[in-house]
Structure formats: structure tokens, C-alpha cells
Asker: 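Here it is, the structure in full.
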Amino acid sequence: MTAERIDGKAFAAGLRERVGEFAVSFEQAAGRKAGLAVVLVGEDPASQVYVRSKGKACLAANMASFEHKLGDDTSREELLGVIDKLNADDAVDGILVQLPLPDHLDEQEVIARISPDKDVDGFHVINAGRLSVGQSGFVPCTPLGCMMLLADRLGDLSGLEAVVIGRSNIVGKPMAQLLLDANATVTIAHSRTKDLKSVVKRADIVVAAVGRPEMVGKDWLKDGATVIDVGINRLPPEEGKEKGKLVGDVDYGEASEVAAAITPVPGGVGPMTIAVLLRNTMVAAHRNAGVALEEGAL
Ligand code: GUN
């Protein structure tokens with residue numbers, strides 16, 4: 001079997017375009033643009049790249065972007081003060097504090113300060129709680145993007161065996177919850193799982209989110225599985241090259257021989273994250289401004 005490539009980049013472009021259309025009608029109804037504020041503390045180069053691309057994506061989708069760049073030595077009080085101001089600002093519908101934060105700042109305390117109604121990352125305990133009891137709230141962008149790709153490819157997931165590799169609060173746990181809500185039979189596997197390979201091999205759906213380059217090979221996968229690769233790992237550079245190749249947690253070439261469908265890296269899950277962030281911000285804007293948005297419209 002040669003697996004079908006799940007084109008996350010194209011799917012994300014379509015979602016961004018739909019969000020952009022909703023942004024225009026939102027502006028007409030609310031008399032202002034939907035707005036996303038991104039807070040970056042410190043100089044981490046990867047974070048700077050992410051923040052820049054989030055800002056650009058907002059503008060391209062007819063939304064307002066507010067960037068707050070703070071120094072490495074920003075105090076707890078200063079950062080919490082910035083969040084308080086954004087919570088109170090009616091032009092701001094969504095607030096994202098780029099992670100990781102410098103070591104002297106407590107990520108959980110900072111996330112807890114964001115108003116749950118503006119927590120478009122879905123990281124606040126209130127939103128994690130809402131997801132776990134089936135109430136509507138904000139769902140973390142990467143797992144929600146993975147679910148969109150799965151639903152688009154497979155339709156009804158009822159009764160399918162799903163294995164999520166990785167148990168982070170940002171991806172693994174919410175991913176498992178979403179799959180469970182879709183009536184899949186869900187296993188969360190992790191670094192302490194015994195005989196990980198045979199656990200993964202029973203899955204109709206594999207979501208790999210561990211950060212170990214090309215860990216999942218063809219002998220890990222059931223024939224016809226659907227594979228969602230959340231990993232983004234950079235291999236050491238080959239001789240004469242400045243940068244190493246980007247690979248996922250799945251060996252794409254090998255897995256393609258066995259799987260029915262697989263997301264590539266890059267161009268699979270990655271582009272979905274920002275598209276879903278815009279989607280969540282658009283949903284927040286409608287709720288915050290009291291403008292109706294049909295359930296499931298986005
Ligand atoms: N750092 C890497 N990915 C993310 C994300 O999705 N949200 C936030 N806030 N920080 C990140």
C-alpha cells in the first residue's frame with residue numbers, strides 16, 4: 001500500500017480563508033475587527049518566528065494583531081499586569097502567551113491569569129475542565145487541528161482504535177479527550193508504556209506526539225492505519241549543509257508502505273495550528289461581542 005498524503009497545508013489554507021470571510025461579516029456586525037494579542041517574553045528564536053507568523057496570519061485573515069514583546073528579565077508582576085490589561089481590553093478577543101517562558105516565570109500561574117473567555121490556546125484549567133466534562137470551551141489548537149484532519153479523512157470515528165503517543169497537556173491529553181468524545185476507543189501511550197510497538201500496532205488511528213525523530217517505523221503500524229504525525233524534529237545537518245532536515249516522530253517513507261493515510265512533516269499538522277488559532281479567536285470574538293455564530297460553522 002502507498003499511503004495517501006494528508007495535505008494539512010491545503011486544509012489549513014481553506015480554514016484560514018473561511019475564517020477571513022467570517023472576519024469580514026464580524027467586523028460589519030460588531031463595528032470592529034476581531035483581535036488576537038500575542039505576548040512574547042524573551043528572545044527565543046523559534047518563538048520569535050512563531051509569533052511573527054501568527055501576526056501575519058491574523059492580518060491576512062482580516063483580523064487585528066497586537067504584539068507585546070517583553071524582555072528576558074520581565075518580572076512576574078509586569079507580565080501579570082500586561083495580561084490584566086489585555087483581559088480588560090475590548091479590542092482583544094484572544095490572548096496567547098507564547099511558551100516556553102523564561103525559567104523565573106511560572107507558566108501555570110501566567111496561564112491561569114488569562115480570562116478563560118480569551119484563552120484561545122485552550123490551556124487554562126477552566127477550558128481543560130470544560131473539555132473533560134464535554135462543555136463547550138476553547139480546545140488547544142494542535143489537537144483540534146488533528147481532529148479536523150481525521151474527521152475530514154475518516155468521517156465517523158466511532159469504535160475505531162486510537163493510540164495517542166505522548167501525554168502532554170498541550171497535545172496528548174486533549175487529543176485523547178477529543179478522540180473519546182468522537183467515540184473512538186482510546187489508549188494514551190507514553191515513555192513508560194510496556195511494549196509500545198505492539199500497543200501502536202493495534203491502532204486504526206495513530207497520533208504521534210513525543211518529539212523523537214522517526215521513532216514509529218513500518219513494523220509499528222497496522223495495515224491501513226491513519227497516521228497523524230505531530231512531531232517536528234530537526235536532524236543534525238548533513239555534511240556541507242547548514243541546517244538538518246525536519247522530520248516527524250514517524251518514519252514517513254516506511255510508514256507510507258503500510259498506512260492508508262499519513263500527514264507529512266512539514267506540511268501536515270504544523271500549518272493547522274495557526275489556522276485553528278485564528279478559528280478559535282474568531283469564535284471568541286463572536287462570543288465576546290454577542291454576535292451569533294452558528295454551532296459548527298467554523
Ligand atoms: N509554543 C509552541 N506552541 C505553542 C502554542 O500552541 N501556544 C503557545 N502559547 N505557545 C506555544
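Atoms within a ligand are numbered from 1 in the order they appear, just like the ligands themselves. Heads up: numbering here begins at 1 and tracks the sequence.
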Asker: Just the distances, no angles: every ligand 1 N or O to protein N or O pair closer than 3.5 Å, one line each.
Answerer:
residue: ligand 1; atom: 1 (N); partner: Gln98; partner atom: NE2; Å: 3.1
residue: ligand 1; atom: 1 (N); partner: Leu99; partner atom: O; Å: 2.8
residue: ligand 1; atom: 7 (N); partner: Asp121; partner atom: OD1; Å: 3.2
residue: ligand 1; atom: 7 (N); partner: Asp121; partner atom: OD2; Å: 3.2
residue: ligand 1; atom: 9 (N); partner: Val97; partner atom: O; Å: 2.8
residue: ligand 1; atom: 9 (N); partner: Asp121; partner atom: OD2; Å: 2.6
residue: ligand 1; atom: 10 (N); partner: Leu99; partner atom: N; Å: 3.0

Asker: Would you say Leu179 and Asp181 make side-chain contact, with heavy atoms under 4.5 Å?
Answerer: no
Asker: Establish, from distance only, whether the side-chain atoms of Lys54 and Gln98 form a donor-acceptor pair under 3.5 Å.
Answerer: yes
Asker: Share the residues that join Tyr252 in a hydrophobic cluster, the rule being Ile, Leu, Val, Met, Phe, Trp or Tyr side chains under 4.5 Å apart at the heavy-atom level.
Answerer: Val163, Ile165, Leu196, Val199, Val200, Val206, Val210, Met215, Val216, Trp220, Leu221, Val227, Val250, Val258, Ile262
Asker: Under 6.0 Å from the ring centre and within 45 degrees of the ring axis: does the NZ or CZ of Arg16 meet both conditions for the six-membered ring of Phe11?
Answerer: no
Asker: Check which hydrophobic residues are tied to Val49 through side-chain heavy-atom contacts below 4.5 Å, counting indirect links as well, and list them.
Answerer: none
Asker: To which residues is Ile188 joined in a hydrophobic cluster, defined by side-chain heavy-atom contacts under 4.5 Å among Ile, Leu, Val, Met, Phe, Trp and Tyr, whether direct or through other members?
Answerer: none
